[in-house]
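Fair warning: this is a prediction, and the values are worked out from it, not measured in the lab. Ligands are counted one by one from 1 in listed order, and the atoms in each one are counted from 1 as well.
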Amino acid sequence: MEIEKSYIISKLSGPVFDVLTESADALQLETYIIGGFVRDLIIRRPSKDIDVVCVGSGIELAQEVVNRLGKKANFAFFKNYRTAQVKYQETEIEFVGARKESYSHDSRNPVVENGSLQDDLNRRDFTINAMAICINKDRFGELIDPFDGLLDLDECLIKTPLDPDITFSDDPLRMLRAIRFATQLGFFIEYDTFEAIERNKDRITIISKERIVDELNKIVLAPRPSIGFELLEQTGLLSIIFPELVALKGIETKEGIGHKDNFSHTLTVLDNLSQTTDNLWLRWAALFHDIGKARVKRFDNKLGWTFHGHEYKGMKMLKNIFQRMKLPLNDKLKYVEKLVSLHMRPIVLADEEVTDSAIRRLLFEAGDEIDDLMSLCEADITSKNPEKVKRFLYNFKLVRSKLKEIEEKDRVRNFQPPIDGLEIMEMFHLPAGRLVGELKSAIKEAILDGEIPNEYEAAREYLLKLAAEKGIA
Ligand code: CTP
């Protein structure tokens, strides 16, 4: 790949770059923009954050830059890492002095020494991230590319600059980064690099769950997340991070009957859904929607393979998985649980006759998540039979329009029965207790079944009649 210096220079214009050059020259520090910003500039991918390396003190350079940018710039200094950060409008700039690093075997904490630009580039993760652009005035725009990163960008290759065993053992998170970049950019992992991931996969256990999840989130949010999960599986990393997903892999055959490979089905659903939404947690829900299948799988002589109750089993497994992975245990978990537990409902509806009361019940249970649930279910149609796909999608359309109609008419999304427990207690002079709960839920059921409309007067009348029948009134 050829890259014109004039193109590079055209991308380095504006007050931030001007001030960087002035500051570096004033302090006589050889200074470079490095890493992801350079990579993204070359492949014309938007990139906001800028990493700056100088041969000398990065902190002093950052301080000089802040002074020159004036009041609008913020400065932060991270003593432990000997880095500084400057924020100016939308841009974040990280400063560090060029360094040589070596890592101790049992942790990620590097032993740091000052070094040359070459030392600094040697210790970076991939050739495509080990390029630098000089910003001193007399060499402005000069590209330094000691490991042929340009060539690898051209050939769409993720490759370590040094022996991959060294690069990955320095920081095992890089194994996930390799897969993440391959997924985001649609690149291939070079053969030796791939083999080194297979060899070093167990070292991932020294990395914090938060950093792992950060990379996984980026894979999940990529245009085709399946690339990443296939690679995670092939390298053996997935067995360590998410054994539950690996358990979905494979096709078992009995009496000549096989079932589909639920791992590749899951990835197809995730890819399908990724075409329609960037909602991270909806995408996670797609990844987990069939997670319970391996545990409930049975072979029935009449029915063949069954996965009865997998949505409920899957929902039950999620808390443990979220806890183990340090995924958020708040409303995000609740949201994914809800989608996983309800994901079979619209399919059952679309397969049978769509009755008003079934729609009402679904609306009531899904609440605000109803649209997301429908998107998940549409993505879940992965049959290879085009007739079947057409029929299901048509029925889903029907379900969607029925949902809209019923929602407008009955307002049952997130509804509370129009008469609450307190009013029931007052009406019939009842103490709080089971009977009050039963009456309240009878009203709810009557509304969901369409026996009465979702209105106060109708509910009151129904209640009086019911109470009379039970001999309460
Ligand atoms: N880097 C590295 N090893 C890591 C993390 C980062 O060598 N484990 C280096 C790479 O040179 C990388 C640079 O630090 O390009 C900046 O890292 P980061 O901001 O995490 O990634 P980017 O490459 O900028 O990509 P993105 O912004 O998409 O995460």
Heavy-atom pairs closer than 4.0 Å: do any link ligand 1 to the side chain of [X], the backbone, both, or neither?
X      : value
Glu94  : neither
Ile34  : neither
Arg174 : side chain

Atoms of ligand 1 less than 4.0 Å from [X] heavy atoms?
X      : answer
Asp51  : 16 (C)
Asp171 : 4 (C), 8 (N)
Phe181 : 23 (O), 25 (O)
Lys218 : 29 (O)

Using a plain distance cutoff, I'd like to know if [X] has any nitrogen or oxygen under 3.5 Å from a nitrogen or oxygen of ligand 1.
X      : value
Arg45  : no
Gly36  : yes
Asp125 : yes

Pick from Arg39, Lys48, Glu92: the one approaching atom 22 (P) of ligand 1 most closely through a non-hydrogen atom: Arg39
Among Arg124, Gln184, Arg180, closest by any non-hydrogen atom to atom 26 (P) of ligand 1: Arg180
Ile207 side, atom CD1; Met175 side, atom CE - distance, nearest 0.5 Å: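 Rounded to the nearest 0.5 Å, the CD1-CE separation comes out at 7.5 Å.
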Leu69 side, atom CG; Ile93 side, atom CD1 - distance, nearest 0.5 Å: 6.5 Å
Contact summary for Leu362 and Pro346, nearest pair of heavy atoms: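 Scanning both residues, the minimum pair turns out to be CD2-CG, 4.0 Å.
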Enclosure of Phe78 CZ (heavy-atom neighbours >12, cutoff 6.0 Å): yes
Pair Arg99 + Asp119: basic N to acidic O under 4.0 Å: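 No, no charged N to carboxylate O under 4.0 Å.
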Glu215/Arg211 ion pair, N-O < 4.0 Å: no
Close side-chain approach of Phe168 and Arg177, heavy atoms under 4.5 Å: no
Centroid-centroid under 6.0 Å between Phe288 and Phe242 rings: yes
Any Leu173 heavy atom less than 4.0 Å from ligand 1: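 Checking ligand 1 against Leu173, which is what was asked, there is no heavy-atom contact under 4.0 Å.
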